[in-house]
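Let me begin by presenting the structure, written as structure tokens, before commenting on it.
Basis for what follows: all heavy atoms, side chains included, without hydrogens, waters or symmetry-related copies. Labels below follow one simple rule: chain letters A, B, ... track the order of the sequence lines, proteins then strands, and each chain is numbered from 1.
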Amino acid sequence: MKESVRILVGEGLERCFADGSLSSGVMPPVVIEKPAHEEHGDFACNVAMAMAKAERKAPRQIAETLVKYMEDRDGIIESIEIAGPGFINFRIANAAWCRTLGAIEAAGADYGTSRAGGGSKVQVEFVSANPTGPLHIGHGRGAAIGDTICRLLAATGWDVTREFYYNDAGAQIANLALSVQARCLGIEPGDPRWPADGYQGEYIKDVARSYLDRETVDAGDQHVAGAGDPNDLDAIRRFAVAYLRREQDQDLLTFDVHFDVYFLESSLYTEGRVEAAVNRLIENGHTYEQDDALWLRTTDFGDDKDRVMRKSDGSYTYFVPDVAYHLAKWERGFVRVINEQGADHHSTITRVRAGLQALNAGIPQGWPEYVLHQMVTVMRGGEEVKISKRAGSYVTLRDLIDEVGRDATRFFFLMRKPDSQLVFDIDLAKQQSLENPVYYVQYAHARICSIFENAAEKGIAVPSFASAAMERLGTAEEMAIVKLLASFPEVVEGAAQAFEPHRITYYLQELAGSFHSFYNKNRVITEDMELAGARLFLLACVVRTLKNGLALLGVSAPEKM
RNA sequence: GCGCUCGUAGCUCAGCUGGAUAGAGCAUCAGACUACGAAUCUGAGGGCCGGGAGUUCGAAUCUCUCCGAGCGCGCCA
């Protein structure tokens, strides 16, 4: 509908230019927006004000000329008014609004989707937790946001690859192996023999026990049996990584998050990609040696200081495989790559991009794109729960799902802009009541399903769009619903473009609210079969849209609660 | 000290990428079920959009500068 208005204005402008009524000849961007106040109509256009300077005319005068040239071929306009400093306000006819509902019936589960992405490839990397412990609440937020961004992109016509980067090499993994080994030998934290910076969590004990018991672990395509030998550090490392990966996989499965590709950091070394990337950087002259280390001149690419690539002990710093990894992404044909990660890793952005530029591989400057989510603070019993992996005290994603449920957990994580910090009050989320907006939305869905059941018992079927008497709709409550329904595709498109899943959660709350208001004021099933049919059809559209919206969030739409 | 993010009602947060008179939920107060699910609805109060300056027809939104919060600033990942 918004698009129809945009075309209406655009064509009007063209005609004005064609016959000289407007002289500047510069086509301005036509912005159509929804006014904040209802008396300003359904849509407003500010183009007359934007053109005032170029045209050297008063905005209202331009608006009046333009309005004369607009031709409402589809018969959607109720009225056009010029208001305020020069806004053109459009009011859409109720009948035209109601016609948009036909699209919902026709599209069904696809309502809200678009082809904006044109089938182009996009890769989204998210979670990418180190296999050194269970997923915590921060990973949960990343999983929910990343997964929903994938769903949004897929819904708007992108060919999405979901990827998990697996840090199975490097110092943290060595540290993990040492920690498990210590537990195998019965050494506890605090013991002088306990490894420095060892992982102290209880789960390390579980890994050790399982290893000593020679259990077999299946993770992805790996099957690793515990060797049971506490002196075989390499075997312990392989087993621990597989064990913890299996735990993470199970958590993600429970959370309904799936990946297409698990990319192993270790493969970058075995395939020589790290060496190749380093050599290329050296050849391109962006490196230098100092203090027995190899440095990358990242300051040439906007970093505030240069970074060490190869330490004096010969090993690489973490960002080197990161650069090699992203080069591999580029070579795999992903012109668009989005990395979803915690804001505590934001400093890697400059470094990775700098490294990629220094490779001189034709990679655009702003590539890859990043979505950073801010930290999650966990509250329990009115107290903040401190998260410390080393000390082993933190709220895991699994704990959360067990306590709060998958739907509420996902919805809570998605309710806020990724940019803002999130306070996850476990006690609050556990209350399955008003506090939880997810129940509000789901309740609307269940309530409508119940109405349908009731109608069916009375032998009243939900009519098709063609046979429904749509002209019978027209109350303020009904029209509010219709207009919201019509805007769903734009909301999805906007959320996908901005990587902002929270827009969907707000939309769904609003749609549910508009239904609840309608419901409390109007009866659906009445003696007037024509009106009942039209309202049932309207509610069928609401159910459809609630379901599609919830699906984008990975939240279920129950028929009974 | 430097960088990133944020600062909007008592609390938790939106604000459609610069629009008209600032928006929800919770909390508070006052109301609504002898018919489709009261996990709901209707109404009221509540604001220096952190402070100041600038950009322009127009700023919560863009720029600068202070103040405050979180995160990052290692030859850790």
Side-chain angles (χ1 to χ4, degrees), chain A residues 2 31 33-37 39-40 44 46 49-50 52-53 58-59 83-87 89 130 132 167 169-173 175 197 265 290-295 303-305 307-319 321-322 342-350 372-375 377 415-423 425 428 432-437 439-440 442-444 446-455 457-458 487 490-491 494-495 497-498 500 502-503 505-507 509-510 512-513 515-526 532 535 539 560-561:
Chain A
K2 194 189 245 182
V31 178
E33 56 196 0
K34 199 175 153 208
H37 300 278
E39 66 265 27
H40 294 138
N46 65 355
M49 289 179 294
K53 205 169 236 177
F87 289 103
N89 293 337
N130 291 341
T132 53
N167 285 284
Q172 295 205 62
I173 297 303
N175 192 11
D197 300 325
E265 182 190 6
Q290 188 183 308
D291 304 331
D292 295 326
L294 182 67
W295 296 68
D303 205 353
D304 54 352
K305 51 183 154 182
R307 306 291 168 176
V308 169
M309 293 172 60
R310 191 168 53 217
K311 298 180 256 182
S312 49
D313 70 1
S315 64
Y316 293 109
T317 55
Y318 75 95
F319 95 93
D322 256 13
D344 52 340
H345 288 87
H346 74 83
S347 61
T348 66
I349 298 175
T350 320
L372 300 181
H373 63 262
Q374 292 291 322
M375 299 292 93
T377 314
M415 257 180 356
R416 309 248 163 93
K417 218 170 11 184
D419 271 344
S420 44
Q421 292 178 35
L422 177 69
V423 178
D425 187 328
L428 200 71
Q432 307 204 341
S433 67
L434 311 154
E435 300 282 338
N436 253 332
Y439 290 105
Y440 183 80
Q442 289 180 322
Y443 180 56
R447 213 178 195 187
I448 297 173
C449 290
S450 167
I451 295 172
F452 288 160
E453 214 169 276
N454 210 288
E457 276 172 23
K458 294 197 165 91
S487 71
E490 290 156 28
V491 173
Q497 244 169 46
E500 291 185 346
H502 75 279
R503 296 193 193 189
T505 69
Y506 274 86
Y507 173 82
Q509 289 176 80
E510 212 182 333
F515 160 70
H516 286 310
S517 293
F518 161 79
Y519 176 87
N520 272 274
K521 211 166 167 185
N522 305 282
R523 264 197 74 76
V524 178
I525 301 167
T526 58
R535 285 179 170 169
L539 295 192
K560 287 195 194 308
M561 293 172 70

- Query: What is the pairing partner of B:rG1, taking Watson-Crick or G-U wobble pairs with both distances under 3.5 Å in any strand?
  - Reply: B:rC73
- Is A:K34 salt-bridged to A:E490, cutoff N-O under 4.0 Å? no
- Give a yes or no on whether a donor-acceptor pair under 3.5 Å exists between the nucleobase atoms of B:rG37, that is its base, and the side chain of A:S450. yes
- Short side-chain N/O contact to B:rA77 OP1/OP2 from A:T348, under 4.0 Å: no
- Between B:rG72 atom C1' and A:Y318 atom OH, what is the distance in whole Å? 10 Å
- Query: Of all the nucleotides listed (B:rC13, B:rA20, B:rG15), which has the minimum atom distance to the side chain of A:Y506?
  - Reply: B:rC13
- Query: Looking at the side chain of A:M375, which of B:rC71, B:rU40, B:rA39 is the nearest nucleotide?
  - Reply: B:rC71
- Message: As a test of reading the structure: which of B:rG23, B:rG19, B:rA77 is closest to the side chain of A:A36, going by heavy atoms?
- Response: B:rG23
- Protein-nucleotide distance (A:H40, atom NE2; B:rA22, atom P), rounded to Å: 12 Å
- Touch class at under 4.0 angstrom, heavy-atom based, for A:A44 against every strand present: base
- A:D304 CG - B:rG72 C1' separation (whole Å): 11 Å
- Per atom distances to the A:Y443 side chain, the nearest of B:rG37, B:rC75, B:rG15 is B:rG37
- When all nucleic acid strands are considered with a 4.0 Å heavy-atom cut-off, which category describes A:H345: base, sugar-phosphate, or nothing? base
- Name the residue closer to the 5' end of RNA chain B, choosing between A:D292 and A:V524 according to the nucleotide with the nearest heavy atom. A:V524
- Task: Could you please spell out the steps behind the side chain to side chain contact (heavy atoms under 4.5 Å, CB included) verdict for A:T348 and A:F319?
- Result: CA-CA 7 Å; A:T348 66; A:F319 95 93; over 6 Å; no
- Message: Can you tell me whether the base of B:rC4 sits syn or anti, using the 90° cut around 0 to define syn?
- Response: anti
- Would you say the side-chain atoms of A:D291 pair up with the backbone N or O of A:A293, donor to acceptor, closer than 3.5 Å? no
- Message: Of the listed nucleotides (B:rC13, B:rG74, B:rC75), which one gets closest to any side-chain atom of A:S420?
- Response: B:rC13
- What integer distance in Å separates A:Q509:CD from B:rG23:P? 18 Å
- Query: Minimum heavy-atom separation for A:D197 to A:N175, with atom names?
  - Reply: O-ND2, 2.6 Å
- A:R310 CZ - B:rA77 C1' separation (whole Å): 20 Å
- Indicate yes or no for a side-chain donor-acceptor contact from A:Q509 to the backbone of A:T505 under 3.5 Å, with no hydrogens or angles considered. yes
- Message: Over all strands shown, is A:H37 touching base, sugar-phosphate only, or nothing at heavy-atom distances under 4.0 angstrom?
- Response: base
- Between B:rA38, B:rG19, B:rC36, spot the one nearest the side chain of A:R447, thanks. B:rA38
- Message: Using a heavy-atom cut-off of 4.0 Å across all strands, would you classify A:A293 as base, sugar-phosphate, or nothing?
- Response: base
- Message: Need the pair for B:rA30. Rule: Watson-Crick or G-U wobble, both distances under 3.5 Å, any strand; none if unpaired.
- Response: B:rU42
- Measure from NZ on A:K53 to P on B:rC57 and round the result to the nearest Å. 4 Å
- Note on the structure: The Watson-Crick or G-U wobble partner of B:rA24, with both key distances under 3.5 Å, is B:rU12
- Determine the contact category for A:D291: base if any of its heavy atoms lies under 4.0 Å from a base atom, sugar-phosphate if only primed atoms, P, OP1 or OP2 are that close, otherwise nothing. base
- Message: Whole angstroms only, please: what is the NE2-P distance between A:H502 and B:rG25?
- Response: 17 Å
- Message: Could you check whether atom CG of A:D292 has more than 12 heavy atoms from other residues, nucleotides or ligands sitting under 6.0 Å from it?
- Response: no
- Atom pair CG (A:N520) and CZ (A:F515), whose distance is rounded to the nearest 0.5 Å: 8.5 Å
- Comparing A:K560 with A:W295, nearest RNA chain B nucleotide closer to 5' gives the residue A:K560
- Task: Indicate, with a heavy-atom threshold strictly under 4.0 Å, whether A:S312 touches base, sugar-phosphate, or nothing.
- Result: base
- Query: Mind telling me whether B:rU17 is syn or anti, cutoff 90° either side of 0?
  - Reply: syn
- Query: Where the side chain of A:E39 is defined as all heavy atoms beyond and including C-beta, which of B:rU21, B:rG19, B:rC6 is the nearest nucleotide?
  - Reply: B:rU21
- Just to confirm, is there a sub-4.0 Å distance from OP1 or OP2 of B:rC33 to any side-chain nitrogen or oxygen of A:K521? no
- Please answer whether the main-chain N or O of A:A446 pairs with a side-chain N or O of A:S450 as donor and acceptor at a distance below 3.5 Å. no
- Are OP1 or OP2 of B:rC41 and a side-chain N or O of A:Y440 less than 4.0 angstrom apart? yes
- Considering only B:rG72, B:rC75, B:rG74, which nucleotide approaches the side chain of A:D344 most closely? B:rG72
- Message: Regarding A:N46, tell me which of base, sugar-phosphate or nothing describes its non-hydrogen contacts under 4.0 Å with the strands shown.
- Response: base
- Message: Partner lookup for B:rC6, please. Criteria are Watson-Crick or G-U wobble with both distances under 3.5 angstrom; report none if nothing qualifies.
- Response: B:rG68
- Task: Name the pairing partner of B:rG47, where a pair is Watson-Crick or G-U wobble with both distances under 3.5 Å, or state none.
- Result: none
- Query: Is any N or O donor-acceptor pair between the side chain of A:H346 and the base of B:rG3 shorter than 3.5 Å?
  - Reply: yes
- Item | Side-chain donor/acceptor of A:N454 to base of B:rA35, under 3.5 Å | no
- Query: What nucleotide, of B:rG70, B:rC13, B:rG15, holds the atom closest to the side chain of A:K417?
  - Reply: B:rG15
- Task: Select base, sugar-phosphate, or nothing to describe what A:N89 touches, counting heavy atoms under 4.0 Å on all strands.
- Result: base
- Remember a base hit wins even if backbone is also touched, and classify A:Y519 as base, sugar-phosphate or nothing at under 4.0 Å, heavy atoms. base
- Task: Using a cut-off of strictly less than 4.0 Å, decide whether A:K305 has a side-chain nitrogen or oxygen near OP1 or OP2 of B:rC2.
- Result: no
- Query: For the side chain of A:N130, counting heavy atoms from C-beta on, which of B:rG19, B:rA77, B:rA14 is nearest?
  - Reply: B:rA77
- Query: Which pair of non-hydrogen atoms, one from A:L372 and one from A:D419, has the smallest distance, and what is that distance?
  - Reply: O-OD1, 4.1 Å
- Item | Pair partner, B:rA60 [Watson-Crick or wobble, under 3.5 Å] | none
- Query: Between B:rG74 atom P and A:M309 atom CE, what is the distance in whole Å?
  - Reply: 18 Å
- NA contact type, A:A444, heavy-atom cut-off 4.0 Å: base, sugar-phosphate, or nothing? nothing
- Message: Let's test this: given Watson-Crick or G-U wobble pairing with both distances under 3.5 Å, identify the partner of B:rA35.
- Response: none
- Query: How would you label the contact of A:R523 with the nucleic acid (heavy atoms, under 4.0 Å): base, sugar-phosphate, or nothing?
  - Reply: base
- Gap in Å between the two C1' atoms, one belonging to B:rC16 and one to B:rC75, rounded: 48 Å
